[in-house]
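Protein chains get the first letters and strands the later ones, always in sequence-line order, with residue 1 at the start of each. When reading the values below, keep in mind they use all heavy atoms of this one structure, side chains included, and skip hydrogens, waters and symmetry mates. Owing to the predicted nature of the structure, the values given are computational and were not obtained by experimental measurement.
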Amino acid sequence: MALVNRPQGTFDQLPEGSPKIEAHTRARAQRYVTDVAGAMLERAGAQLIVTPLFEEAEVVRRGVGGSTDIVRKEMFSVFYQGEHGGYVLRPEGTAPIVRAYLQNGLKQLPSPLRLWTHGPMFRAERQQQGRYRQFHQVDYEVLGSEDPVVDAEAIALMVDVYARLGVRGTRVKLGSVGDPEDREAYNAYLRDLFEPHVARLSDDSKDRLTRNPMRILDSKSEGDQALIAELRPEALLDRLGVEARAHFDAVRGFLDAWGVPYDVDPGIVRGLDYYRRTAWEVHHEHIGAKSALGGGGRYDGLAEMLGGPRTPAVGWAFGVERVLLAMHQEGVEVPDGERPLLYVAALDEQFVALAARLAFTARANGVAEYAITPRKPGKAIGEALKKGARYVAFIGSDEAARGYVSIKDLDTGTQMPVPVEALDDILARRLSLRSGNIADIVLELLLTDTTVLNGARLAQTVVSDAEVTRFARAFTNKAFLQGLTLPGAARAPEPFAGLTPGRSKSAVTLWNFLDPTL
RNA sequence: GUGGGUUUAGCUCAGUUGGUUAGAGCGCCGCUCUGUGGAAGCGGAGGCCGUGGGUUCAAGUCCCAUAAUCCACCCCA
């Protein structure tokens, strides 16, 4: 049977260590980026909103715009039971959020309302570097204000998120697409300008002349650029109406005051119809042809286009995959997940159930796994090291007979016996000790908790000379000072005094400790 | 939608002017090894050579088609 592949242009997000893993397909890294961004946005007062992955096609058609490439050729339709449902997989997050805002009466929440979301978006394009049919975005939207300060704040926040994620070398390209009448007039101006020279335009640009003349200006065709150099068209930015101009200048004023770096780019053309006035993109130099990490803008007219009351708003989105690509290019490390705390290995089949149970309860304190089949100690240690665990616990016949487990601290090499009933307490206590050294933890426990001390029956350990000395001295002093009456207390100092420390890290030294029966 | 590259083991790749049973390293599993740090040695599993046609006595190798994948264009995150 031939293997069935994933749909074209999609990718699987994979666990660490997967053979074919790439920067953007690391599940942990994907989650890291959305977690970091989400935490920052929530600190800025944004609240999480989640909308369905599919919407009425009308939401997208009216919001994004019927003349855009997204609506014309990149929509995934949703069918059910063979019938077209009139739905499409969402190609972007803003229109659905505005739809949800209107439908759920969010207008009554304090205004302006800051929202954020994250999740997959779908566009039926041919795949290439940084462009996928299902990709992931983090969205931030501010609804209910036309104050330029929220435009500027949104940009500043976006820049902060990239910085927090460790992405350097970002450039904010800031422009304004003006009010609708500004853009209409400008498009007419461009058409008049290029119409006489239509024969010299590239095929792509001939098409652009009717659909979206502004796109001609950033054509990659040399012929087009030569023509543009001759005609020297004015920039839209220089033909803004009074209000749009004042708004743009005010946004710049805030950014300047806050020291947020940006480049004014008269050529900024956003691909979605709903943008008004402020528009920006954030680019990164080293991620191939798709250098835009994200973009945003003001969309004061969108709510009305969806049938709601006028609701001025501004927002942005960035592509998680492109940010991951940028992070990868810059060598930014994604922090490791939670380090495994404990790996429990039974040395014999009959102790596997106990090993599993110890792992279960240890999970209150961290990541804990167990070996499902018996392990030799050396193999168990190797596996624990591979998993990156701090401690490995052994349960063999010696341990089981006396009711303890052997805990080896893989960072320090120290191994200590721990009564089974004290294991969870010990794991919890490691948090209060900076070193996490198992010897320190056990010592602390013995010195502070006499019930555990009374329960201790045997000690077996592999320690250095220094640790033996320290352990013995501390124990003796404490017992003396507190006048503890312990089983075998009278003999307590002696085992330490007469102790022969392990000859090497791998040597095993046994001695009796606090066991009146021995 | 357009153009170019790639496709041989789980992964990275060899594979001679077409010629017998398609290889290596890594990874995985086992043993050496009945209780202590990622070792080593030995062994094992794992392949419709992307798929379908064609040329030939003979195809991993040559031709055609197709698919997947990567990159670029359009456009966008």
Side-chain angles (χ1 to χ4, degrees), chain A residues 1-11 17-22 24 64 68-74 91-94 118 120-139 202-205 207-208 211-212 215 218-221 269-272 281-284 287-296 316-326 345-348 374-389 392-399 406-415 460 462 502 504-508 510:
Chain A
M1 286 277 279
L3 211 57
V4 179
N5 292 319
R6 79 181 81 91
Q8 190 183 77
T10 63
F11 55 89
S18 301
K20 292 178 167 183
I21 201 163
E22 294 177 73
H24 67 283
V64 174
T68 60
D69 277 28
I70 290 177
V71 170
R72 283 171 57 239
K73 55 180 192 183
E74 296 172 5
E92 55 93 51
T94 302
H118 68 92
M121 307 294 166
F122 306 85
R123 294 182 197 173
E125 299 182 274
R126 274 283 280 272
Q127 174 174 354
Q128 68 188 75
Q129 171 95 290
R131 195 179 70 184
Y132 308 94
R133 292 187 161 186
Q134 175 177 335
F135 60 103
H136 300 79
Q137 286 188 332
V138 171
D139 273 73
S202 64
D203 289 344
D204 280 335
S205 286
D207 189 36
R208 292 182 179 117
R211 276 199 6 258
N212 193 352
R215 283 282 176 209
D218 55 9
S219 167
K220 284 174 182 128
S221 150
V269 183
R270 303 249 59 217
L272 289 70
E281 290 174 1
V282 177
H283 287 257
H284 189 271
I287 59 171
K290 300 285 156 288
S291 72
L293 292 180
W316 52 253
F318 70 76
V320 175
E321 289 77 19
R322 292 192 183 175
V323 168
L324 288 174
L325 207 51
L347 303 185
D348 187 276
R375 291 288 190 274
K376 295 172 191 171
K379 191 159 178 59
I381 288 171
E383 287 171 350
L385 289 166
K386 258 187 188 175
K387 291 171 186 293
V392 58
F394 306 109
I395 309 168
S397 50
D398 293 346
E399 287 86 351
S406 294
I407 304 290
K408 188 178 180 80
D409 183 335
L410 294 173
D411 284 8
T412 64
T414 302
Q415 181 167 320
Q460 168 191 359
V462 180
S504 73
K505 261 190 153 183
S506 60
V508 179
L510 284 168

Under the side-chain contact (heavy atoms from CB on, under 4.5 Å) test, which residues partner Ala384(A), sequence neighbours left out? Tyr343(A), Ala389(A), Val392(A), Leu410(A)
Quick check on RNA chain B: between Pro377(A) and Ala384(A), whose nearest nucleotide comes earlier from the 5' end? Pro377(A)
Under 4.0 Å, heavy atoms only, any strand: does Leu410(A) hit a base, just the sugar-phosphate, or nothing? base
Spacing of the P atoms in A58(B) and G53(B) (rounded, Å): 16 Å
Please enumerate all protein N or O atoms sitting under 3.5 Å from an N or O of nucleotides 2-4 of chain B, with distances to 0.1 Å.
residue	atom	partner	partner atom	Å
U2(B)	O4	Arg126(A)	NH2	3.4
G3(B)	O6	Arg126(A)	NH2	3.3

Starting the side chain at C-beta, find the nucleotide from A68(B), G38(B), U36(B) nearest to Gln8(A). A68(B)
Using the test side chain to side chain donor-acceptor pair (under 3.5 Å), find all partners of Glu321(A) that sit at least two apart in sequence or belong to another chain. Gln30(A), His136(A)
When you measure from the side chain of Pro19(A), which nucleotide among G35(B), U69(B), G10(B) comes out closest? G10(B)
Applying side chain to side chain donor-acceptor pair (under 3.5 Å), can you list everything that pairs with Ser205(A), at least two apart in sequence or on another chain? Ser202(A), Arg208(A), Asp224(A)
Holding to salt bridge (charged side-chain N to carboxylate O under 4.0 Å, His left out), I want the full list of residues that pass it with Lys376(A), two or more places apart in sequence or in another chain. none
For nucleotides 27-33 of chain B, give me every protein contact, N/O to N/O, under 3.5 Å, one pair per line with atom names.
residue	atom	partner	partner atom	Å
C28(B)	OP1	Lys386(A)	NZ	3.0
C33(B)	O2'	Lys376(A)	NZ	3.1

Which residues share a side-chain contact (heavy atoms from CB on, under 4.5 Å) with Glu22(A), sequence neighbours left out: His24(A), Thr25(A)
Counterpart residues, salt bridge (charged side-chain N to carboxylate O under 4.0 Å, His left out), relative to Glu92(A) (two or more places apart): none
According to a 3.5 Å limit on both distances, what stems of 3 or more consecutive Watson-Crick or G-U pairs are formed with RNA chain B? B:1-7 with B:67-73, B:10-13 with B:23-26, B:28-32 with B:40-44, B:50-54 with B:62-66
Can you name the residues that form a side-chain contact (heavy atoms from CB on, under 4.5 Å) with Arg72(A), not counting sequence neighbours? Asp69(A), Arg211(A)
Report the residues that fulfil side-chain contact (heavy atoms from CB on, under 4.5 Å) with Glu125(A), sequence neighbours left out, ordered by chain and then residue number. Glu74(A), Arg123(A), Arg131(A)
